Amino acid sequence: MTTTATAPWIYVEKIGGYDGQVVTLKGWLYNKRSSGKLHFLQVRDGTGVIQCVVFKGDVSPEVFELAGGITQESAVMVTGTVKKDDRSPIGFELGVSDVTLVNPAAEYPITPKEHGVAFLMDHRHLWLRSSRQHAIIRIRAEIIRAIRDYFDDNGFTLIDSPIFTPNACEGTSNLFETDYFENKAYLTQSGQLYVEAAAAAFGKVYCFGPTFRAEKSKTRRHLTEFWMVEPEMAYFDLAMDMDLAEDFVCHIVQQVLKHRRAELEVLERDISKLEAIQKPFPRITYDEAIEILRAAGNEDTPWGEDFGGDEETIISQKFDKPVLIHRYPAEIKAFYMKQDPENAKLALNVDMIAPEGYGEIIGGGQREDDLDVLLSKLKTHELPEEAFSWYLDIRKYGSVPHAGFGLGVERTVAWICGLHHVRETIPFPRLMDRLSP
RNA sequence: UCCUCAGUAGCUCAAUGGUAGAGCAUGCGACUGUUAAUCGCAGGGUUGCAAGUUCGAGUCUUGCCUGAGGAGCCA
């Protein structure tokens, strides 16, 4: 008992620096096994899990009995001596001298056995405590840090774009409508138009925040609320845009490999596949992508349509790195994409398809910078000119070539973690049929 | 919106149209090295909802609800 008052509180991930010392851990009981005169308490504290060994001869009878009766996920504080042990996955155990029950847990619904997806999703608030979900969310946090660091360290200014937007700007995509006092407002599907304006003010900018799509999509690649980072650069053309996207994705992968290797191992990710993500990435045109599909047996793949999930998978399996596909038919791309001066049917856009069938993680390109061309494109797309007057001003007052792209955070996390479905890549996913917890 | 499959104990699943079962979890007990510990005992059920066929329905039929997988949709 006396040791509790004096032992320093440390976190499991720092335990290696305290070999032989008496420390206190504050956390929750992850699992427990008992063997007569021994209780093995698996204690997690948010940074890791450590086995705490309670030997009957080392503690008071009261503490031994208490330790044997603690239920899964009860809040506990454990004091003991840090001991090196080769049997431990983290290399250390705690030889317990005292245990304090902070608060007991009621019967915990998530047991160490298998569970169905629906059940786990209903208990997402508790599921986050399990080691696999813990690893995913820490990797997500690392990816987000890598994203911010990359742009902050390379001369970009953060520009927060609005969540409420006045119009259903870009046509085909379904937006969430909200009541905005006397008017309608929509949740943003992209900050892109706003970062274009900001690029003319700051040169290189990026926005980073949630985006919303009301599509009735029920696939492993779709969420209704997801996070997107969108850099936009003045005086950049398509080739420079692709160079940046490539360098950016390499940086993210390297940071995860450097700082979150243990979490990748929890997920049993094939790390060699991530180590292979080095510049340069293959770059093919839309035309070449069509040829790959036709050669792979899809002989009747038509020219002029966007690729579905299956087609992206076939293309990505030809390469062991992300592949950049550029110059799609202008007709299937957004109005603001600049048309290829060498072929009016093509847009100067680029999609990056992740390896291993994870699909599109980046979409972007060079923007139309000619006022007259943009005006005629608005007409062809049947979009209201007056709603875009501020956007047209960017072309009116000192228009320059500029380019950018958007990277979907959840698809990137799914790829790097090797997950089947994006619903595990965000703490509280929002799907077509799921709004809680 | 369409197609396919599923719904039985807290969870994961079994049960030829004929007595409702197991493992895990929970409770009690045994064990000094367990790694999803093991072993013994115990409690735990409106078989998603509604109707129908039948002597008899968890099982067959119809409708509905919920979920999963896939497709479509998705600057």
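Just so it is clear: chains get the letters A, B, ... in the order the sequence lines come, proteins before strands, and each one is counted from 1. Since the structure is predicted, the reported quantities are computational estimates derived from the model, not experimental observations.
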- Query: Looking across every strand, which nucleic acid part, if any, lies under 4.0 Å from Lys56(A) by heavy atom: base, sugar-phosphate, or nothing?
  - Reply: nothing
- Message: Using 30° and 60° as the class boundaries, would you call the ring planes of Tyr391(A) and Phe335(A) parallel, tilted or perpendicular?
- Response: perpendicular
- For Phe212(A) and C73(B), what is the distance between atoms CZ and P respectively, to the nearest whole Å? 25 Å
- Message: If you compare every side-chain N and O of His222(A) against the phosphate oxygens of G70(B) (OP1, OP2), does one of them come in below 4.0 Å?
- Response: no
- Task: Check side chain to side chain contact (heavy atoms under 4.5 Å, CB included) between Lys37(A) and all other residues, then give those that pass, not counting sequence neighbours.
- Result: Phe55(A), Lys56(A)
- Item | Closest nucleotide among G67(B), U34(B), C73(B) to the Thr219(A) side chain | C73(B)
- Item | Closest nucleotide among G33(B), C31(B), C74(B) to the Asp85(A) side chain | G33(B)
- Item | Euclidean distance for C1', A50(B) against C13(B) (whole angstrom) | 26 Å
- Message: Without decimals, in angstroms, what is the distance between Lys83(A) NZ and G33(B) P?
- Response: 15 Å
- Message: Say we look at C73(B) and U12(B): how far apart would their P atoms be, to the nearest angstrom?
- Response: 34 Å
- Atom C1', compared across G70(B) and C55(B): separation rounded to whole Å: 44 Å
- For U16(B) and C60(B), measure between their C1' atoms and round to the nearest Å. 13 Å
- Task: Could you give the distance separating C39(B) and C24(B) at their P atoms, to the nearest angstrom?
- Result: 7 Å
- Looking only at A68(B), A36(B), U32(B), the nucleotide nearest the Arg33(A) side chain is A36(B)
- More 5' along RNA chain B: Leu38(A) or Met121(A), using each one's nearest nucleotide? Leu38(A)
- Task: Answer with base, sugar-phosphate or nothing: what part of the nucleic acid does Arg87(A) contact at a heavy-atom distance below 4.0 Å?
- Result: base
- Query: What integer distance in Å separates Tyr30(A):OH from A36(B):P?
  - Reply: 11 Å
- Item | Partner set under side chain to side chain donor-acceptor pair (under 3.5 Å) for Thr71(A), not counting sequence neighbours | Ser74(A)
For nucleotides 40-46 of chain B, which of its nitrogen or oxygen atoms have a protein nitrogen or oxygen under 3.5 Å away, and what is each distance?
none

- Whole Å only: how far is the CG atom of Leu431(A) from the P atom of U66(B)? 16 Å
- Give the stems involving RNA chain B, where a stem is 3 or more consecutive Watson-Crick or G-U wobble pairs (i with j, i+1 with j-1, and so on) under 3.5 Å. B:1-7 with B:65-71, B:10-13 with B:21-24, B:26-30 with B:38-42, B:48-52 with B:60-64
- Looking at every strand, decide which applies to Ser88(A) at a 4.0 Å heavy-atom threshold: base, sugar-phosphate, or nothing. nothing
Listing, residues 350-362 of chain A side-chain donor-acceptor contacts under 3.5 Å, not counting sequence neighbours, or none:
from      : atom 1 : to        : atom 2 : distance (Å)
Asp351(A) : OD2    : Tyr328(A) : OH     : 3.2
Glu356(A) : OE1    : Arg269(A) : NH1    : 3.2
Glu356(A) : OE2    : Arg269(A) : NH2    : 2.9
Tyr358(A) : OH     : Gly418(A) : O      : 3.4
Tyr358(A) : OH     : Leu419(A) : N      : 3.3
Tyr358(A) : OH     : Leu419(A) : O      : 3.1

- Query: Between Glu424(A) and Arg132(A), does a salt bridge (charged side-chain N to carboxylate O under 4.0 Å, His left out) hold up when you go through it step by step?
  - Reply: CA-CA 10 Å; Glu424(A) 289 179 60; Arg132(A) 190 181 155 77; 3.8 Å; yes
- Excluding sequence neighbours, so at least two apart, what forms ring pair (Phe, Tyr, Trp, His ring centres under 6.0 Å) with Tyr397(A)? none
- Across all chains, not counting sequence neighbours, the side chain to side chain donor-acceptor pair (under 3.5 Å) partners of Thr178(A) are none
- For Glu288(A), the side chain to side chain contact (heavy atoms under 4.5 Å, CB included) test, sequence neighbours excluded, returns Ile284(A), Thr285(A)
- Query: Which value, in whole Å, describes the distance between the P atoms of nucleotides G44(B) and U38(B)?
  - Reply: 24 Å
- Task: Would you classify Asn349(A) as touching base, sugar-phosphate or nothing, given that sugar-phosphate means primed atoms plus P, OP1 and OP2, and contacts are heavy atoms under 4.0 Å?
- Result: nothing
- Task: Have a look at Gln72(A) and say if it touches a base, only the backbone sugar-phosphate, or nothing, with a 4.0 Å heavy-atom cut-off.
- Result: nothing
- Query: Between atom CD in Glu311(A) and atom C1' in C73(B), what is the gap in whole Å?
  - Reply: 14 Å
- Item | Euclidean distance, atom CG of residue Asp433(A) to atom C1' of C2(B) [Å, nearest integer] | 14 Å
- Between Asp85(A) and Lys83(A), is a salt bridge (charged side-chain N to carboxylate O under 4.0 Å, His left out) present by the stated rule, with each step listed? CA-CA 6 Å; Asp85(A) 195 307; Lys83(A) 292 176 181 169; over 6 Å; no
- Which part of the nucleic acid does Asp310(A) contact within heavy-atom distance under 4.0 Å: base, sugar-phosphate only, or nothing? sugar-phosphate
Distances under 3.5 Å between nitrogen or oxygen atoms of protein and nucleotides 8-14 of chain B:
from   : atom 1 : to        : atom 2 : distance (Å)
C11(B) : O2'    : Glu114(A) : O      : 3.3
C11(B) : O2'    : His115(A) : ND1    : 2.4
U12(B) : OP1    : Gly116(A) : N      : 3.1
U12(B) : O4'    : Glu114(A) : O      : 3.4

- Message: Rounded to whole Å, how long is the line connecting atom CG of Asn31(A) with atom P of C24(B)?
- Response: 13 Å
- Query: Taking the same atom, P, in G21(B) and in C3(B), what whole-Å distance lies between them?
  - Reply: 39 Å
- Spacing of CD1 belonging to Ile143(A) relative to CH2 belonging to Trp415(A), to within rounding of 0.5 Å: 9.0 Å
- Message: Does Glu360(A) reach a base, just sugar-phosphate, or nothing at all? Heavy atoms under 4.0 Å.
- Response: nothing
- Could you check Gly69(A) against Met432(A) and say which one's nearest nucleotide on RNA chain B is further toward the 5' end? Met432(A)
- Sequence neighbours left out, what passes side chain to side chain contact (heavy atoms under 4.5 Å, CB included) with Ala234(A)? Give chain and number order. Val400(A)
- Parallel, tilted or perpendicular: rings of His123(A) and Phe119(A) (30°, 60°): tilted
- Message: So Lys216(A), base contact, sugar-phosphate only, or nothing? Heavy-atom distance under 4.0 Å.
- Response: base
- Under 4.0 angstrom, heavy atoms only, what part of the nucleic acid is His420(A) near: base, sugar-phosphate, or nothing? sugar-phosphate
- Message: Is Arg423(A) close enough to G69(B) that one of its side-chain N or O atoms is under 4.0 Å from OP1 or OP2 there?
- Response: yes
- Note on the structure: Separation of G67(B) atom C1' from Lys218(A) atom NZ, nearest Å, is 8 Å
- Item | side chain to side chain donor-acceptor pair (under 3.5 Å) partners for Arg129(A), two or more places apart | Glu73(A)
- Quick one: side chain to side chain contact (heavy atoms under 4.5 Å, CB included) partners of Ile10(A), sequence neighbours excluded? Ile15(A), Tyr18(A), Val23(A), Leu25(A)
- Item | Distance, P atom - from C31(B) to G23(B), rounded to whole angstrom | 23 Å
